[in-house]
Amino acid sequence: MKQHPITQAVRIQTSRTSEMEHSTPLFLTSSFCFENAEEMRAAFAGENENNIYSRFSNPTVQEFIDKMCVLEGTEAGFATSSGMSAIFGCFMAFLNSSDHLLSCKSIFGSTHTIVTKYLHRWKIDYSYADINKPETWESLIRPNTKMIYVETPTNPGLDIVDMEWLGKLAKKHGIILLVDNCFATPILQKPAEYGADLILHSATKWLDGQGRVLGGIVVGREDLINELYLFCRNTGPSLSPFNAWILSKSLETLDVRIHRHCDNAEALVKALDGHGKLNWIKYPFHPSHPMYEIARKQMTRGGGLVTFDLKGGVEGGKKFMDALQMLSLTSNLGDTRSIASHPASSTHSKLSREEQESVGITPGLIRISVGLEHADDIIADIVQALEKS
Ligand SMILES: *Cc1c(COP(=O)(O)O)cnc(C)c1O
């Protein structure tokens, strides 16, 4: 009987060793041995499945990949040392000089830096479409457009891209569709169902979920993953077996954690709705979200991130942050511990006002990564800090 992906995320395991351990073993080894010269020859010729070297493959890393493939509903995957090495690896493995990349401005800051500051070194061109004007995207596609890259929901704007529409557009033009599924996780949405060819994650966020390690992963079509694998095994962005062991254990609780994060986020949104210190509150499953219908169509729940705009602007944002007693002031997200960030005075402070505006950042924007503390405590801390904003 075929097991549910949630069961497989708990149960998939590398073969037990002779010790008969219950929990999964950790293969902290840089290389693997061969019985004889013939076996070694065959391994290097690609004629057997033997592991050779942990830059290429490792059983603990493979266990993490196998679980992610089951969760995302994809054929194959490759795990990387961070989300950024997954993203850069995909750009370098698939984009040739004179190719064109179509994306939009509201992508993760370091991704935006790679696209705007580095891709031109390899004569790779790009265009940014307006995430809120889907009707304009097709006109930006060129004969040399090789890849479409999006995040949904976006960071920190929480904008939503209609994946069914985008999947069809990419297919019509024969373009690789790559989706950064970091914010939703496969528990809330599976981009492969809408035609995404490749899906990537910063495993550092919800997949680890406990703020311990950096990691990344790309899953998707087998032919593309093979190409990515050949590129990465030579260029070296591979995930360490130790981090893979942490991440694989984390996937056993992913479903439970994500649902509790959503419960707490929903409780927070309800408590803050219409609060006198706020201009607005944004959450994919709140009816006021501009893409509410699309979010409902492609996500099972709204996720663990909530944003709101303080009437007090930049100064109000800083006062709010200073008044928090429990929430952590840190730039990470997707942790058991609730986190507040104020992009205008921190992560995005180097951008001009217009640039901030174009990626959905207002002076008083606060992003909350809702944790696993009791909802009452999360709400109480935020409400008392709002009074001082
Ligand atoms: C954090 C993040 C990344 C980068 O991942 P790292 O693991 O920090 O390298 C990429 N995309 C999104 C949406 C992120 O939130």
Side-chain angles (χ1 to χ4, degrees), residues 79-95 101-119 124 126-132 147-161 163 166 176-186 188-189 191 196 198-209 211 213-220 237 239 282 284 291 299 303-307 330-335 339-351 355-362 365-369:
T80 57
S81 57
S82 69
M84 287 324 301
S85 58
I87 293 166
F88 190 58
C90 283
F91 288 163
M92 290 294 100
F94 298 110
L95 299 175
L101 169 77
L102 178 59
S103 189
C104 50
K105 232 183 212 164
S106 29
I107 47 177
F108 187 68
S110 297
T111 315
H112 172 73
T113 303
I114 295 176
V115 170
T116 56
K117 300 228 157 59
Y118 294 108
L119 287 187
I124 298 162
Y126 75 93
S127 304
Y128 277 155
D130 185 333
I131 195 163
N132 293 313
M147 179 185 278
I148 297 178
Y149 181 93
V150 291
E151 276 173 36
T152 180
T154 62
N155 180 14
L158 297 183
D159 288 321
I160 307 278
V161 180
M163 286 192 291
L166 193 59
I176 298 170
L177 175 58
L178 172 54
V179 175
D180 181 336
N181 199 26
C182 175
F183 266 38
T185 81
L188 304 181
Q189 82 186 4
L198 294 167
I199 297 113
L200 66 83
H201 287 271
S202 165
T204 316
K205 315 291 169 55
W206 302 106
L207 301 187
D208 172 30
V213 298
L214 291 178
I217 188 161
V218 187
V219 297
L239 180 64
K282 197 166 179 186
M291 300 288 271
M299 298 173 74
L305 286 144
V306 176
T307 60
T330 176
S331 63
N332 199 19
L333 63 94
D335 198 309
I339 294 165
S341 69
H342 178 221
S345 71
S346 60
T347 47
H348 294 71
S349 59
K350 288 201 198 85
L351 301 185
E355 283 174 318
Q356 289 183 3
E357 203 73 60
S358 73
V359 290
I361 294 166
T362 53
L365 182 84
I366 299 288
R367 185 191 75 189
I368 306 288
S369 171

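Just so you know, residue 1 is the first one in the sequence shown, and it goes up from there.
Once rounded to the nearest 0.5 Å, the distance linking CG of Leu158 with OG1 of Thr307 reads 4.5 Å. A distance of 7.5 Å separates OG in Ser369 from CG in Asn332, rounded to the nearest 0.5 Å. With rounding to the nearest 0.5 angstrom, the CD atom of Glu355 is 12.0 Å from the NZ atom of Lys350. Considering SG of Cys90 and CD1 of Ile199, their distance stands at 10.5 Å, rounded to 0.5 Å. Separation of atoms CG (Leu198) and CG (Leu177) is listed at 8.5 Å; rounding is to 0.5 Å. The OG atom of Ser82 sits 6.5 Å away from atom CG of Leu214, with the distance rounded to the nearest 0.5 Å.
Ser85 and Ser81 are linked by a side-chain donor-acceptor pair at a separation below 3.5 angstrom, with hydrogens and angles left out of the test.
The one candidate from Thr152, Leu188, Leu333 that meets the side chain to side chain contact (heavy atoms under 4.5 Å, CB included) condition with Phe183 is Leu333. Among the candidates Leu166, Ile176, Leu101, Leu178, the single residue satisfying the side chain to side chain contact (heavy atoms under 4.5 Å, CB included) test with Ile148 is Leu166.
Looking only at distances, no side-chain donor or acceptor of Ser202 sits under 3.5 Å from a matching main-chain atom of Gly216. Judged by distance alone, with hydrogens and angles left aside, the side-chain atoms of Thr185 form no donor-acceptor pair with the main-chain N or O of Asn181 at under 3.5 Å. With hydrogens and angles disregarded, no donor-acceptor distance shorter than 3.5 Å links the side chain of Thr154 to the backbone of Glu151. Judged purely by atom type and a 3.5 angstrom limit, Thr80 has no side-chain atom pairing as donor or acceptor with the backbone of Pro237. Distance alone, capped at 3.5 Å, places no donor-acceptor pair between the Glu357 side chain and the Thr362 backbone. Side-chain atoms of Ser346 come within 3.5 Å of backbone N or O of His342 as a donor-acceptor pair.
Considering only heavy atoms from C-beta on, Ile366 stays 4.5 Å or farther from Ser341 through its side chain. In this structure the side chain of Thr113 never reaches within 4.5 angstrom of the side chain of Met84, judged on heavy atoms. At a threshold of 4.5 Å between non-hydrogen side-chain atoms, the residues Ile114 and Leu119 count as touching. Between Lys205 and Asp335 the shortest side-chain heavy-atom distance does not fall below 4.5 Å. Contact check for Ile87 versus Asp180: side-chain heavy atoms found under the 4.5 Å cut-off. The shortest side-chain heavy-atom distance between Ser103 and Met147 does not fall under the 4.5 Å cut-off. Side-chain contact between Pro284 and Met291: absent, with no pair of heavy atoms (C-beta onward) separated by less than 4.5 Å.
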- Item | side-chain contact (heavy atoms from CB on, under 4.5 Å) between Val115 and Lys105, worked out | CA-CA 10 Å; Val115 170; Lys105 232 183 212 164; over 6 Å; no
- Task: Report the C-alpha separation of Tyr149 and Phe91 in whole Å, then their side-chain angles, then the decisive distance to 0.1 Å, and conclude whether the side-chain contact (heavy atoms from CB on, under 4.5 Å) test is met.
- Result: CA-CA 10 Å; Tyr149 181 93; Phe91 288 163; 3.9 Å; yes
- Item | Worked check of ring-ring contact (aromatic ring centres under 6.0 Å, His included) between Tyr118 and Phe88 | CA-CA 10 Å; Tyr118 294 108; Phe88 190 58; 7.9 Å; no
- Test side-chain contact (heavy atoms from CB on, under 4.5 Å) applied to Trp206 and Leu305, step by step: CA-CA 11 Å; Trp206 302 106; Leu305 286 144; 4.0 Å; yes
- Message: With side-chain contact (heavy atoms from CB on, under 4.5 Å) as the criterion, how do Gln356 and Leu365 come out once you've worked through the C-alpha distance, each side chain's angles and the decisive distance to 0.1 Å?
- Response: CA-CA 10 Å; Gln356 289 183 3; Leu365 182 84; over 6 Å; no
- Query: What do the steps show when you test His112 against Tyr128 for ring-ring contact (aromatic ring centres under 6.0 Å, His included), and what is the final call?
  - Reply: CA-CA 10 Å; His112 172 73; Tyr128 277 155; 5.7 Å; yes
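Scored by the side chain to side chain donor-acceptor pair (under 3.5 Å) test, Asn155 finds Arg367 as partners (sequence neighbours excluded).
The pair Lys282-Asp159 meets the salt-bridge criterion, since a charged nitrogen lies less than 4.0 angstrom from a carboxylate oxygen.
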